A.B. asks: 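Sharing a structure here in C-alpha cells format.
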Amino acid sequence: MKEVLLISVFMKRTLVLLCLWFFIWFPLEAFCSTGNTSSSSNPKVINIGALFTLNSVIGGATKPALLAAIDDVNSSPNILNGIELKLILRDTNCSGFIGTMEALQLMESEIVVAIGPQSSGIAHVISHVVNELHVPLLSFGATDPTLAYLQFPYFLRTTHSDYFQMYAIADVLDYYGWREVIAIFVDDDYGRNGISVLGDALAKKRAKISYKASFSPEDPESKINDLLVEVNLMESRVFVVHVNPDTGLNIFSVAKRLNMMSGGYVWIATDWLPSYLDSREAVDPSTMNLLQGVVALRRYIPDTNLKKRFISRWKNLKDKGSTGPGGFNSYALYAYDSVWLAAHALEVFLSEGGNLSFSNDPKLRDTNGTTLHLSLLRVFNGGQQLLQTLLRMNFSGVSGQIQFNQQRDLIHPAFDVLNIGGTGTHRIGYWSNYSHLSIVPPESLYTKPPNISSSSQHLYGVKWPGETSKVPRGWVFPNNGQPLRIAVPNRVGYKEFVSKDNSPQGVKGYCIDVFEAAINLLPYAVPHTYMLFGDGNRNPNYDEIVSQVAQNKYDAAVGDITIVMNRTKIVDFTQPYMESGLVVVAPVKEAKSSPWAFLKPFTKEMWFVTAALFLFVGVVVWILEHRINHEFRGPPRQQLITIFWFSFSTMFFSHRENTVSTLGRLVLIIWLFVVLIINSSYTASLTSILTVQQLTSGIQGIDSLISSSEPIGIQEGSFALNYLVDELNIARSRIVKLKDPEAYLRALNLGPKAGGVAAIVDELPYIELFLTSTNCLYRTVGQEFTKSGLGFAFQRDSPLAVDLSTAILQLSESGDLQKFHNKWLTHTECSIQINQEEENKLSLSSFWGLFLICGIACVLALTLFCYRVFTQYRRFSPEGEEAEVEEIEPSRLSRRSILSTSFNNIMDFVDRKETEIKEILKRKNINESKQTSHNCNGQASSPT
C-alpha cells in the first residue's frame, strides 16, 4: 500500500514537470523555429512615418501641422485609449532617389502608416514600396491623377486630385469662350499627367491645348526665357501654368520682362500659386506686381470652427520657425487631418481585433556581399485590414469632411477661383464637382439638385492683365512672320464670284471683296496671301479644297464654297454671306391655247361646290316664296324650271322673279354678293390666263428628273454631284459635268437625244447669272429643293471663323453686302414662270368663308320659316277631319296609314297659299267666338 502511494506521488510530480516543460519549451520552440514574426497585442507606442521635403513651401507648412496633430492625438483621452503615436520624420529633399532611400529606412522602423510625400514623382516610387510591405500611404500633397488605387492599392490621397482641378480650369476656359490654350508645366509626373487630364477635359468642350511647353525644375531663367519667347509667337494668348510652388514664380518674372503680363494676355495658375502666396507672412510688393491679373485656383476648405481654431493656434505651434501666420497654406490642414485619419482608423482597427504584427518577406533577402539589409524590411500583417478601415472613416476635420468614395477620392472636391490684383487675392467664385462654377459656397448647393447648365455658371468680374475688366479675346494672329495661307478656287466659269487677276492681290471677284471688307472690320491685322487652287483649265473640286484646309495645307479657303454637312464635319465655316440652293433649269416652249381655257380659272372642287350652291340657294328661295309669291307657284314641272332658272340667272343678275318675303330677300342679298365676288374673280383669272404668255416644259422639277432616264448637267466641281448620286440615288452615268455657261447653253440646245442634257441642276446664284446671259431663253422649273449658303472655310476651332462671322453680319446690316452683290452679280429677272396653271387656279380655300356665310344665312332662314309654318299648322284644323277619323274603326286604323295621312296633310298645308290659311284661321276664330258666346247665354237662362 505504501509503495502504491509512493508510485502515485512520483507519477503526479512527473506529469507536472512534463506540463511545465511543454508550456515553457513549446512557445520558445515556436518562436525560435519561425524566427521572423513579432507581435504586440497591446502596444504602448505605435510608429507612423512621414516623409516629405522639409525645406519647401509645402513642407514648411506641413511639419508644424503634423507635430501639432501628434500632440493633439496623444493628449486626447477620447482616442486610442492611452496608446501613444510616435512620428518618425524623413526628408526626401526633392529627390526621387533620396526619397526612395528614406522610405526604405522608414520602413525598417516597422511603421503601420506612412504620411506623405508631397511630390507626385516620389509618390510613384514609394507606392511600390508600401504595396510590397502592405503599409497604407496617406498622401496630403501628391495630386498626380495617375496615382490610382488600381495600380497602387495602398496609396490613399487625403487631398483632392488634380483630375478635378483640371476640369475646373476647363470650365473656367469654357465660361469665357476660349478654345485654345498653351500649357506651361514642369516636366515630371506631376506636370505631365496633370496637363494630360486638362487636354481630355478641354476636348469634351471642343477646345484644345494648342501647344505644350515643358521645362525642368533645374532649368535656368535663360531656358525659361527662350520657352516664353517661343510661345509668344503663337496664336493663343491663354496660358495655363502648372508648376511647383518653389520655382514657379520664375515664369511670371520672365513673362514680365517680355511684356507678356500686359493687356490681351490671360494667365491661369493651378493651386501652386495660392499655396506660395498663402505661405508668405507678407508678400513682397514686387512679387505682387508680377502677378497682377492672374486667375488662380485654390483647394476650397469650408470656414468651419475647427479650421478657425486651428489657424488661431498656428503661431503657437512648436517647431515653427517664425511668428505670425506666415508659412500656413491648405496643405497644412490636409496633413493635420491625415494624422487624425490614421488615429481614428487605428482605434477602430484595434477594437476589431487587429494585430500590429510584422513578418519577413521571403522575396526580400540579402544576396552575397550586399549591405542593403533588405531582410530588415518587414511586411505589416494587418495592412489590408487597416487599409479597409481607413476607407470606412467618416469624420469632420479641419479641411472639411473626411470621407472616401468608391474611387478612393475625398468626397465633394471643390476649389476657390481667385483673381490676383492690387496687394492681394480676391475670390471671384467657386468650382465644385457638383454644380461647377458658382458664386455661392459649394456646401450650400449640396442640398439642391445639381445644375451644370451653361446658364447656371457664374463668376464675379475679373481684373485682367493690363488693368482691364474687358474679357480678353484670348488669341492674336501669330507673330511668326507667316501670313495666313488662303486657298482660292481658280474658276473657269462664273468668274464674277472669284477669278485670277494680275493685280498684286492676285485675285478678284465678289467673294474676295466680301472677305477683304470683313477682314478690315476686325480690330487686329490679319496678314494673308491668296493661293490659287486649280490649273485654270477646269473648275477645281471644292471638296478637295476644304479637305486640304482640314489637313493644314491651307489656313483657310475663300470663294464660292457652299456650306454642306460633310464639309462642316472637318472645317469651321463663317456665317453665310450669300444664300444658295439647288434648282432645275430646263428648255421651255410657249403653251398653246386650249378650247377649254374658260374652265381653267376654277379648280374642279370649286366648280362643283359653286354649282351645288347655286341650286341650293334656288331651292331655299323657292321654299321661302312658294306660299306667298304667285311667280313661284304652278304645276310641278313649271316650279322645277323656275328653281333652275332662278338659280343660274342670278349669276348674271338677270332673274325676272321678284322676291316678296323678308327671309327670301335676305338670302338673295347675301347670295348676290357672293355671286359678285365669284364673277369678279373668275373674270380676272380668265383674263390673266388668256393674255399672259404661258410656257411649258417636259421637265416639271426634280421629281420628274429622278423618274426619268435622261442625262442631267451639273457644274464641274460642285457638291451637286454627290447630292444627286448619294441622296437622290440618280445613276452617276446620267450626270454630265459642264464647266462654264457656254457649255450649259450648248448642252441644253442639243437636248438629250443629240448628246446634250434634258436639264441642268445647279445652285441658284449661278443659274441667275446663266439666265441673264441667255436673255431668259430658259427657265427654272419646280421649286428650290435644297437650302444652303456660301461661306468661308477655316480650320476647326479657328477663332477667325467666329470673328469674321460677326464682321459679315455687320456688312449685311450696313448694306455693304448688297453693294458688292450689285457690283458683281447684277442680273435680269426672268419673271415669266412656267407650269403655274395649277397654282394660279382659284380653289375652294379662297372662298369657303363666303360660302359659309351664305350657307348659314340659308339655314337660318329655313329654320325660321319652318317654325312659322309649324305654329300655323298647330292652329289649323281642316273641317270634317276629326269626324272622318272617328268613323274609322280602331282595329282597321294602322300606324302607317296614320303617319301617311298626317304627312299628306302637312304637305297639303304647306302647299296652300298663305292667304287661304289666314282666311281659314280667321273664320275658325270667329266661329269659336260665337260658340263661346252661345254657351255663356244658355247657362245664364237656365233656372237655379
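Quick caveat: nothing in here was measured; it's all calculated off a predicted structure.
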A.B. asks: Any side-chain donor-acceptor pair under 3.5 Å between Thr143 and Arg157?
C.D. replies: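 Checked: Thr143/Arg157 side chains show no N/O donor-acceptor pair below 3.5 Å.
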A.B. asks: Classify the side-chain pair His426/Asn419 by whether it contains a donor and acceptor separated by less than 3.5 Å.
C.D. replies: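 No donor-acceptor contact under 3.5 Å links the two side chains.
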A.B. asks: Using distance alone, with no hydrogens and no angle criterion, decide if Tyr211 and Glu180 have a side-chain donor and acceptor under 3.5 Å apart.
C.D. replies: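 The criterion, which ignores hydrogens and geometry beyond distance, is not satisfied for Glu180 and Tyr211.
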A.B. asks: Can you see whether Tyr265 engages Asn232 through a side-chain donor-acceptor pair at a distance of less than 3.5 angstrom?
C.D. replies: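 Yes, side-chain donor-acceptor contact under 3.5 Å.
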A.B. asks: Can a donor-acceptor pair be found between the side chains of Asn433 and Tyr163 at a distance below 3.5 Å?
C.D. replies: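 Note: Asn433 and Tyr163 side chains miss the donor-acceptor criterion.
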A.B. asks: Is a salt bridge present between Asp797 and Arg179, judged by a nitrogen-to-oxygen distance below 4.0 Å?
C.D. replies: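 No, no charged N to carboxylate O under 4.0 Å.
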A.B. asks: Less than 6.0 angstrom separating the ring centers of Tyr434 and Tyr446, yes or no?
C.D. replies: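 Centroid separation for Tyr434 and Tyr446: below 6.0 Å.
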A.B. asks: For Asp174 and Gln457, does a side-chain donor sit closer than 3.5 Å to a side-chain acceptor?
C.D. replies: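 The answer is no; no qualifying pair exists.
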A.B. asks: Would you say the side chain of Glu235 lies within less than 4.5 Å of the side chain of Ser210, judging by non-hydrogen atoms?
C.D. replies: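 Answer no - side chains too far apart.
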A.B. asks: Taking only residues two or more places apart in sequence, or in another chain, which ones meet Phe380 in a ring-ring contact (aromatic ring centres under 6.0 Å, His included)?
C.D. replies: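 Only Phe358 meet the ring-ring contact (aromatic ring centres under 6.0 Å, His included) criterion with Phe380.
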A.B. asks: Please report the C-alpha distance between His242 and Trp272 in whole Å, then the side-chain angles of each, then the deciding distance to 0.1 Å, and finally whether the ring-ring contact (aromatic ring centres under 6.0 Å, His included) criterion is met.
C.D. replies: CA-CA 8 Å; His242 185 51; Trp272 67 268; 9.1 Å; no
A.B. asks: Without hydrogens or angle criteria, can the side chains of Tyr336 and Asp72 be said to hold a donor-acceptor pair below 3.5 Å?
C.D. replies: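 Distance-only check passes for Tyr336 and Asp72.
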A.B. asks: Looking only at the side chains, is there a donor atom on one of Asn193 and Thr146 sitting less than 3.5 Å from an acceptor on the other?
C.D. replies: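 Yes, Thr146 and Asn193 have a side-chain donor paired with an acceptor closer than 3.5 Å.
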A.B. asks: To the nearest 0.5 Å, tell me how far Ser399 OG sits from Phe310 CZ.
C.D. replies: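 One finds 10.0 Å between OG of Ser399 and CZ of Phe310.
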A.B. asks: Without hydrogens or angle criteria, can the side chains of Ser253 and Glu221 be said to hold a donor-acceptor pair below 3.5 Å?
C.D. replies: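 Ser253 vs Glu221: no donor-acceptor pair found between side chains.
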A.B. asks: Assess the side chains of Tyr524 and Asp803: does a donor N or O sit below 3.5 Å from an acceptor N or O?
C.D. replies: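 There is such a pair (donor and acceptor under 3.5 Å, judged by atom type) between the side chains of Tyr524 and Asp803.
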A.B. asks: Are a donor atom and an acceptor atom from the side chains of Thr92 and Glu102 found within less than 3.5 Å of each other?
C.D. replies: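 Note: Thr92 and Glu102 side chains miss the donor-acceptor criterion.
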A.B. asks: Does the side chain of Glu443 come under 3.5 Å of the side chain of Tyr300 through a donor N or O and an acceptor N or O?
C.D. replies: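 Side-chain D/A pair, Glu443 to Tyr300: present.
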A.B. asks: If you measure from the Lys or Arg side-chain nitrogens to the Asp or Glu carboxylate oxygens, is any gap between Asp416 and Arg299 under 4.0 Å?
C.D. replies: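 Salt bridge absent between Asp416 and Arg299.
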A.B. asks: Can you confirm whether Asn405 sits close enough to Leu410 that some side-chain heavy atom of one is under 4.5 Å from a side-chain heavy atom of the other?
C.D. replies: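 They are not in side-chain contact.
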A.B. asks: Inspect the contact between Asp303 and Lys307 and indicate whether a charged nitrogen and a carboxylate oxygen are less than 4.0 angstrom apart.
C.D. replies: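 Counted as a salt bridge, because a side-chain N and a carboxylate O are separated by less than 4.0 Å.
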A.B. asks: His124 and Phe152: aromatic ring centres closer than 6.0 Å?
C.D. replies: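 Aromatic pair counts; centres sit under 6.0 Å.
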A.B. asks: If you define the side chain from C-beta out and look only at heavy atoms, does anything of Val113 sit under 4.5 Å from Leu138?
C.D. replies: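 The answer is yes; the side chains approach within 4.5 Å.
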A.B. asks: How close do Gln165 and Phe415 get, heavy atom to heavy atom, and via which atoms?
C.D. replies: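 Looks like CB-CZ, 3.5 Å.
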A.B. asks: Compute the ring centroids of Phe155 and Tyr149, then answer whether they are less than 6.0 Å apart.
C.D. replies: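 No, too far apart.
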